[in-house]
Peer 1: 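Can you keep this structure in mind? I'll have questions shortly.
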2 protein chains.
Amino acid sequence: MLSKKTKYALHALTYLGKHKDEKTVLIQDIAEEHGISHKFLENILLELKKAGMLGSKKGKGGGYYLIKEPKDIPLSKVIRLLDGPIALLPCVSLNYYEPCAECKTEALCGINKVMIQVRDETLKILENKTLEDILKIG
Amino acid sequence: MLSKKTKYALHALTYLGKHKDEKTVLIQDIAEEHGISHKFLENILLELKKAGMLGSKKGKGGGYYLIKEPKDIPLSKVIRLLDGPIALLPCVSLNYYEPCAECKTEALCGINKVMIQVRDETLKILENKTLEDILKIG
DNA sequence: ATAAACCCTATAAAATAAATAGGGTTTATA
DNA sequence: TATAAACCCTATTTATTTTATAGGGTTTAT
């Protein structure tokens, strides 16, 4: 399951996407809209900013704003940033690979093979669906 | 990511599958083979048994054994039993549905729609791949 | 000047996952 | 029929991760 961090990040990005005609959006406004703790959300927005997914303006009248087109923000990127691996096993993760402790021969592991399939099908969706797709509906 | 419980369960079932010509298999043998704590594994095997996925024989000379053909044990069933929901969000879980707290209108939520797709593609694999498929390789 | 806003790091609280403990019950076999 | 080997059951503890909070620091429009 996705963590709250990731869910909050997706909601925040959606909110920013909806208000992209405004110059900046306040943390507070996003937090209130979705019932998220201001401070918790602040940490998440900072992470998104460090990852180059959004920009901010300090000082009075400042706030956050998207610096990319929604179509250029794949959901996989958001999830990986906040949650880590998308794969169901460390041994099939593309971005966070680790061998499985209890597994002797990865090359001959049937569980491994199935989870590679799951990973690939999941990524087919999450790498191609973007913030734009979410904005279309919600 | 799958929990250790689920991974251990899959390994234990695989081990039982490989030794299905023997009448019973000891917890201890499975635990040693995969470096799992005997007691932890015992709890997992009990859960599998309660769920009707394997049988056991008490007393001296006893142990565990499969009571179904490997082809009749879909991986989805094992994962759901030990880990709970397969879906990435509670609001798209078929077996463990719950509304999302921060979501106002599920029907109009773009995140929800994408995660339904991910769920369906994942289930297409996990409900059709069985212990037999794992045994074929490992 | 000053108030409003983001920036940063550290810590605490809560929830979950993983492991351990300790005995109870059953049964093959000597 | 005594006994040892094996599963059965529940509760508790420990470790890890997630979620949230705290407390200030820095920047900037007005």
Side-chain angles (χ1 to χ4, degrees), chain A residues 1-9 11-12 16 22-32 34-51 53-67 79 81-85 88-90 96 98 100-102, chain B residues 1-9 11-12 16 22-32 34-67 79 81-85 88 90 96 98 100-102:
Chain A
M1 302 273 266
L2 299 181
S3 68
K4 286 196 175 183
K5 253 185 166 174
T6 295
K7 288 203 269 180
Y8 291 167
H11 283 298
L16 287 170
E22 298 161 35
K23 266 176 221 142
T24 63
V25 168
L26 301 187
I27 294 175
Q28 193 53 41
D29 291 348
I30 305 173
E32 274 173 13
H34 291 283
I36 309 171
S37 139
H38 176 113
K39 280 293 198 178
F40 195 40
L41 181 59
E42 193 172 8
N43 287 334
I44 293 164
L45 292 176
L46 268 180
E47 274 198 76
L48 289 169
K49 188 199 153 139
K50 281 180 191 163
M53 304 183 67
L54 45 78
S56 66
K57 191 158 177 290
K58 282 186 183 174
K60 194 171 178 182
Y64 285 95
Y65 52 90
L66 290 181
I67 52 175
I79 296 174
L81 178 67
L82 281 307
D83 255 11
L88 292 179
L89 291 180
Y96 298 87
E98 274 182 59
C100 283
E102 64 285 351
Chain B
M1 302 273 268
L2 300 181
S3 69
K4 285 196 177 183
K5 253 186 167 172
T6 295
K7 288 203 269 180
Y8 291 167
H11 283 299
L16 287 169
E22 298 160 36
K23 267 175 220 140
T24 62
V25 169
L26 301 186
I27 294 176
Q28 193 54 42
D29 291 348
I30 305 173
E32 273 173 14
H34 291 283
I36 310 172
S37 139
H38 176 112
K39 280 292 196 178
F40 194 40
L41 182 58
E42 193 172 7
N43 287 335
I44 293 165
L45 291 175
L46 269 181
E47 275 198 76
L48 289 169
K49 189 199 153 141
K50 281 180 192 164
M53 304 184 66
L54 45 78
S56 66
K57 191 159 178 289
K58 282 186 184 175
K60 194 171 179 181
Y64 285 95
Y65 52 90
L66 290 180
I67 52 175
I79 296 175
L81 179 66
L82 281 307
D83 255 11
L88 292 180
Y96 299 86
E98 275 181 58
C100 283
E102 64 286 350

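In what follows, chains are A, B, ... by sequence order, proteins preceding strands, each numbered from 1. Only heavy atoms go into these numbers, but all of them, side chains included; no hydrogens, no water, no symmetry mates. Fair warning: this is a prediction, and the values are worked out from it, not measured in the lab.
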Peer 1: Report each atom pair, protein N/O against N/O of nucleotides 16-18 of chain D, whose distance is under 3.5 angstrom.
Peer 2:
none

Peer 1: Minimum heavy-atom separation for A:His38 and A:Ala31, please, with both atom names.
Peer 2: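 Answer, listing the atom of A:His38 first, then A:Ala31: CA-CB, 4.1 Å.
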Peer 1: Quick check for you: name the first and last nucleotides of DNA chain C, 5' to 3', having an atom under 4.0 Å from a heavy atom of chain B.
Peer 2: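 Listed 5' to 3', the contact boundaries are C:dA18 to C:dA28.
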Peer 1: Kindly compute the distance separating CD1 (B:Ile27) from CD1 (B:Ile44), expressed to the nearest 0.5 Å.
Peer 2: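 B:Ile27 atom CD1 to B:Ile44 atom CD1 measures 10.5 Å (nearest 0.5 Å).
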Peer 1: When rounded to the nearest 0.5 angstrom, what distance separates CG in B:Leu88 from CG in A:Leu2?
Peer 2: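 Here the rounded value is 4.5 Å.
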Peer 1: Of all residues at least two apart in sequence or in a different chain, which pass the ring-ring contact (aromatic ring centres under 6.0 Å, His included) check with A:Phe40?
Peer 2: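 For A:Phe40 the ring-ring contact (aromatic ring centres under 6.0 Å, His included) partners, ignoring immediate neighbours, are A:Tyr8.
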Peer 1: Does any residue of residues 42-52 of chain B have a heavy atom under 4.0 Å from DNA chain D, and if so, which ones, in number order?
Peer 2: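 Those residues whose heavy atoms fall under 4.0 Å from DNA chain D, taken from residues 42-52 of chain B in numerical order, are B:Glu42, B:Asn43, B:Leu46, B:Lys49.
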Peer 1: Search all heavy atoms of A:Ala9 against all heavy atoms of A:Leu48 and return the closest pair with its distance.
Peer 2: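 Smallest heavy-atom distance, with atoms named: CB-CD1, 4.1 Å.
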Peer 1: My understanding is that only residues two or more places apart in sequence, or in another chain, count here; which of them pass side chain to side chain donor-acceptor pair (under 3.5 Å) with B:Glu32?
Peer 2: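 B:Gln28.
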Peer 1: Checking A:Ala12 now: which residues fulfil side chain to side chain contact (heavy atoms under 4.5 Å, CB included) with it, not counting sequence neighbours?
Peer 2: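 Per chain and number, A:Ala12 pairs via side chain to side chain contact (heavy atoms under 4.5 Å, CB included) with A:Ile30, A:Leu41, A:Leu45.
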Peer 1: Report, one pair per line, the protein and nucleotides 28-30 of chain D atoms (nitrogen or oxygen only) whose separation is under 3.5 Å.
Peer 2:
{"from": "D:dA29", "atom 1": "O4'", "to": "A:Lys60", "atom 2": "O", "distance (Å)": "3.4"}

Peer 1: Rounded to the nearest 0.5 Å, what separates atom SG in B:Cys100 from atom NE2 in A:His34?
Peer 2: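 So the SG of B:Cys100 and the NE2 of A:His34 are separated by 12.0 Å.
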Peer 1: How far apart are the closest heavy atoms of B:Tyr64 and B:Leu16, and which atoms are they?
Peer 2: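 Residues B:Tyr64 and B:Leu16, closest heavy atoms: O-CD2, 3.6 Å.
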Peer 1: Got a sec, which pairs hit salt bridge (Lys or Arg N to Asp or Glu O under 4.0 Å) with one end in residues 37-51 of chain B, sequence neighbours left out?
Peer 2: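 Every pair satisfying salt bridge (Lys or Arg N to Asp or Glu O under 4.0 Å) with a residue in residues 37-51 of chain B: B:Lys5-B:Glu47, B:Lys39-B:Glu42.
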Peer 1: Fill in the dot-bracket string of DNA chain D, one character per base: . for unpaired, | for a pair to another strand, ( ) or [ ] for pairs within the strand, taking Watson-Crick or G-U pairs under 3.5 Å.
Peer 2: ||||||||||||||||||||||||||||||
Peer 1: May I ask you to list the residues of residues 23-32 of chain B, by number, that have any heavy atom positioned under 4.0 Å from an atom of DNA chain D?
Peer 2: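 Result for residues 23-32 of chain B: B:Val25, B:Leu26, B:Ile27, sorted by number.
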Peer 1: For B:Ala51, give me all partners under side chain to side chain contact (heavy atoms under 4.5 Å, CB included), at least two apart in sequence or on another chain.
Peer 2: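 For B:Ala51 the side chain to side chain contact (heavy atoms under 4.5 Å, CB included) partners, ignoring immediate neighbours, are B:Met53, B:Leu81.
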Peer 1: Both A:Leu2 and B:His38 contact DNA chain D. Taking the nearest nucleotide for each, which residue is further toward the 5' end?
Peer 2: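 Final value for this comparison: B:His38.
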Peer 1: Quick one: list whatever passes side chain to side chain contact (heavy atoms under 4.5 Å, CB included) with A:Lys57, sequence neighbours left out.
Peer 2: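 Checked A:Lys57 against side chain to side chain contact (heavy atoms under 4.5 Å, CB included); matches are A:Thr24, A:Tyr65.
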